[in-house]
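Written out below as structure tokens is the structure these notes cover.
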Amino acid sequence: MKYNEAALTELQESLVGLKDKLVGQASELQTAATNLMNAWEGNEGFVAFKQAKDAWDQEFGSADGAEPGSTIYILNKLSEAVGNALVNAKSADKAVYDGFSGA
């Protein structure tokens with residue numbers, strides 16, 4: 001089975017890095033949004049801001065990344081899939097090697 005281990009490793013690390021950066025931004029946004037919503041509670045600006053913040057969370061995800069379909073969630077699932085593909089490829093290689101070496 002032919003695959004490029006270095007490329008898969010780099011891709012996985014890149015996906016994790018992007019997810020981590022987005023999680024950091026989501027965390028900072030949540031802190032700022034909480035402070036702003038506390039200050040604006042009860043006025044018209046609060047409702048509009050909360051709608052925009054909820055739309056952000058749905059599209060990009062919150063710091064916990066639990067929103068299925070969000071960018072954070074998808075990046076996490078992609079990095080896991082790439083990592084699993086690499087593990088599976090290495091396992092297949094080992095099984096073939098062991099089969100030919102009599103191990």
Side-chain angles (χ1 to χ4, degrees):
M1 181 169 170
K2 187 169 175 100
Y3 59 93
N4 186 328
E5 181 177 351
L8 289 172
T9 301
E10 182 181 348
L11 175 59
Q12 182 183 23
E13 289 171 355
S14 179
L15 290 168
V16 169
L18 290 170
K19 178 198 65 111
D20 290 347
K21 285 179 184 177
L22 195 51
V23 166
Q25 292 296 314
S27 180
E28 289 177 21
L29 176 61
Q30 183 58 48
T31 299
T34 298
N35 292 337
L36 187 60
M37 287 190 294
N38 287 338
W40 282 1
E41 193 166 7
N43 75 33
E44 197 171 304
F46 173 86
V47 174
F49 180 78
K50 178 139 179 32
Q51 288 173 340
K53 172 65 170 74
D54 290 346
W56 166 273
D57 287 346
Q58 187 174 24
E59 176 70 25
F60 296 102
S62 62
D64 66 11
E67 297 82 4
S70 71
T71 303
I72 291 173
Y73 182 87
I74 291 168
L75 286 170
N76 188 52
K77 292 298 182 186
L78 283 171
S79 68
E80 288 175 358
V82 171
N84 289 338
L86 182 56
V87 167
N88 291 341
K90 286 179 162 184
S91 294
D93 278 354
K94 183 172 179 353
V96 169
Y97 175 82
D98 289 347
F100 280 107
S101 69

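Taking Ile, Leu, Val, Met, Phe, Trp and Tyr as hydrophobic and joining them when side-chain heavy atoms fall under 4.5 Å apart, one finds Val47 in a cluster with Leu36, Met37, Trp40, Phe46, Phe49.
Using a 4.5 Å cut-off on side-chain heavy atoms (C-beta onward), Ser62 and Glu67 make contact.
Not counting sequence neighbours, the partners of Leu29 by the side-chain contact (heavy atoms from CB on, under 4.5 Å) test are Lys53, Trp56. For Asn35, the side-chain contact (heavy atoms from CB on, under 4.5 Å) partners are Thr31, not counting sequence neighbours. By the side-chain contact (heavy atoms from CB on, under 4.5 Å) test, Lys77 pairs with Tyr73, Glu80, sequence neighbours left out.
In terms of modelled atom types and a separation under 3.5 Å, the side chain of Asn76 and the main chain of Ile72 share no donor-acceptor contact.
Applying the side chain to side chain donor-acceptor pair (under 3.5 Å) test to residues at least two apart or on different chains, the pairs with a partner in residues 43-52 are Lys50-Asp54.
Rounding to the nearest 0.5 Å gives a distance of 4.0 Å between CG of Asp93 and OH of Tyr3.
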Can I get a per-line list of side-chain donor-acceptor pairs under 3.5 Å for residues 6-27, giving both atom names and the distance, sequence neighbours left out?
residue : atom : partner : partner atom : Å
Thr9    : OG1  : Glu5    : O            : 2.9
Gln12   : NE2  : Ser79   : O            : 3.3

